[in-house]
Structure formats: C-alpha cells, structure tokens
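Here is the structure we will look at, set down as structure tokens.
Quick note: numbers below take in every heavy atom, side chains included, and nothing from hydrogens, waters or symmetry partners.
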Amino acid sequence: MTLTKYKAKRNFKETTEPQAGKPDAGKHIFVVQRHQASRLHYDFRLEVDGVLKSWAIPKGPSLNPADKRLAMEVEDHPYDYKDFQGVIPAGNYGAGSVYIWDKGTFTLLNDEGKNFDKQALNEIKAGNLKIVMKGKKLKGEFALVKMKTAETNAWLLIKHNDKYAVDEYNSEDYTPQRVKDQGEKNKPVPKKAAAKAKK
C-alpha cells in the first residue's frame, strides 16, 4: 500500500497529522472520525494491509439497515491516523476539527481463515466488503458495497439486520455537544465569505 497521495496533499510543517505507523500483528482496528471541515462528514477507516482504507460518509454511519449511507472512497491513511484528533489548521487540506467518534476492532464476516489482508483487499477490489464491527457505538455486521456509477469511488455503507440493528439512527445524536460547538468554532470560512469580511 502506498501513502503517496496522502502525503502529497499535506504540509507536515503545519499540520500535526501523522505520516506513518505500524499495525499490531493479528489485530485489525477501525476508527470513525467526525470531521467538521468545510462540510461535516464522518471518516470511516479500516486497517487493511498496514494502512487505513478510508471512506468519507456525509451523513455518518447508521445502525438502521434501511439507511444506505453514501461513502466516498478516499486515499489510504497511515496507521497512526487512528489516534489523531484535534484541529487541522486553516489553509491546509481538510482544515477543521477532527474527533474520534468511535473505534474498535473488526473481522471479516466470511473469514476464510487464511490471509486476512489478501481476502479483505480482494473483497474491496470486488466492491463488496462484509465485516463485523466491535466498537463502542458501531457493532455487528456491515457491508461496504461499491456503486455501479460513473463515480468509481462511490460506495454504500449498509447495516445488516442483526441483533444490533435499530429502526432510527442519527450519528449526531451520539456526538457530545462540546464537540459540535468546537467544530463550529473551528469550521473553515469559505473563501468568498472571508473576502467579503475583509472589505
């Protein structure tokens, strides 16, 4: 896995975002980061083959099987990004507040018991990744399904109808108010709005 795209987008002299990291053998983690950038979204990251495979979910993950959440695949992130939260300075890529909303471990739903990373990568390549999440908020079976559209990076995150499924779910309801307030405070000002403010 390469982090070339990730590193090319960032100025590490200004941002405290990590550059590398090595995963623990035999342990596959996930992290969901609430990212109050120019637009609020949730970054959904799964450790596969030493890096964090990443998707941006505009409406956040859901435990309601009826919610098919759009998930836009983005560049791989380094393993140490799992612990990152704080403020990405204005003027930098992804400027705004990052909060670790949930984290834990995950397994493959149909684990063949051979090579985890190889199987996970094959499922991602096939556009149909099925996992079991073991987090504080996200639990049970989920599927990441690639949409057959013109946008090749568009996926859907879908909760399976298991014992953890619920009828209604809004990730913002499980976000502390202080985090929301901090996110609004550090929200980047659009260039047009900033130009008007200077006049």
Check for me, please, whether [X] and [Y] land in the same ILVMFWY cluster - side-chain distances under 4.5 Å, paths through other members count.
| X | Y | answer |
| --- | --- | --- |
| Leu138 | Ile158 | no |
| Leu52 | Phe84 | yes |
| Leu157 | Val166 | yes |
| Phe12 | Ile88 | yes |
| Val32 | Tyr174 | yes |

Please check if atom [atom1] in [X] has more than 12 non-hydrogen atoms from other residues, nucleotides or ligands closer than 6.0 Å.
| X | atom1 | answer |
| --- | --- | --- |
| Lys139 | NZ | yes |
| Gln177 | CD | yes |
| Lys137 | NZ | yes |
| Asp167 | CG | no |
| Lys180 | NZ | yes |

Please tell me whether [X] and [Y] have a donor and an acceptor in their side chains that are separated by less than 3.5 angstrom.
| X | Y | answer |
| --- | --- | --- |
| Ser54 | Arg45 | yes |
| Trp155 | Glu73 | yes |
| Tyr81 | Glu17 | yes |

Mark yes or no for whether [X], through its side chain, and [Y], through its backbone, hold a donor-acceptor pair below 3.5 Å.
| X | Y | value |
| --- | --- | --- |
| His41 | Arg39 | yes |
| Asp111 | Gly113 | yes |
| Arg10 | Asn92 | no |

*What orientation do Tyr42 and Trp101 show, parallel under 30°, tilted 30 to 60°, or perpendicular over 60°?*
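Aromatic pair Tyr42/Trp101 classed perpendicular.
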
Interatomic spacing from [atom1] in [X] to [atom2] in [Y] - rounded to 0.5 Å:
| X | Y | atom1 | atom2 | answer |
| --- | --- | --- | --- | --- |
| Met133 | Asp102 | CE | CG | 7.0 Å |
| Phe44 | Leu144 | CZ | CG | 5.5 Å |
| Thr105 | Glu47 | OG1 | CD | 11.0 Å |
| Leu108 | Ile131 | CG | CD1 | 8.5 Å |
| Leu121 | Asn115 | CG | CG | 8.5 Å |
| Leu46 | Leu129 | CG | CG | 6.5 Å |

*Tell me whether the guanidinium CZ or amine NZ of Lys159 lies under 6.0 angstrom from the six-membered ring centre of Phe142 and within 45° of its axis.*
yes

_Walk me through whether Glu75 and His77 qualify under side chain to side chain contact (heavy atoms under 4.5 Å, CB included)._
CA-CA 6 Å; Glu75 73 275 8; His77 281 51; 3.5 Å; yes

Taking every non-hydrogen atom, the tightest pair across [X] and [Y]:
| X | Y | value |
| --- | --- | --- |
| Val98 | Gln85 | O-CB, 3.2 Å |
| Val31 | Lys82 | CG2-O, 3.6 Å |
| Gly140 | Asp162 | CA-OD2, 3.4 Å |
| Thr152 | Lys146 | O-CE, 2.6 Å |
| Ala20 | Pro78 | O-CB, 3.3 Å |
| Ala37 | Gly94 | CB-O, 4.3 Å |

_Sidechain N-carboxylate O distance under 4.0 Å for Glu172, Arg34_ =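 Here Glu172 pairs with Arg34 in a salt bridge, since their nearest N and O are under 4.0 Å apart.
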
_Between Phe116 and Phe106, is the ring centroid distance below 6.0 Å?_
yes

_Between Lys187 and Leu40, does the side chain to side chain contact (heavy atoms under 4.5 Å, CB included) criterion hold? Intermediate values first, please._
CA-CA 9 Å; Lys187 186 177 180 180; Leu40 174 64; over 6 Å; no

*Sequence neighbours left out, what pairs pass side chain to side chain donor-acceptor pair (under 3.5 Å) with at least one residue falling in residues 116-128?*
Gln119-Glu123

*For side chain to side chain contact (heavy atoms under 4.5 Å, CB included), just list the numbers for Val145 and Met147, CA-CA rounded to whole Å, side-chain angles, deciding distance to a tenth of an Å, and then say yes or no.*
CA-CA 6 Å; Val145 182; Met147 296 176 67; over 6 Å; no

*asked:* Would Leu3 and Asp76 count as a side chain to side chain contact (heavy atoms under 4.5 Å, CB included) here? Give the steps.
replied: CA-CA 6 Å; Leu3 295 173; Asp76 294 344; 4.2 Å; yes

*Between Tyr6 and Pro18, is any pair of side-chain heavy atoms under 4.5 Å apart?*
yes

*Measure the shortest side-chain to side-chain distance between Pro61 and Tyr169 over non-hydrogen atoms and say whether it is less than 4.5 angstrom.*
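They are not in side-chain contact.
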
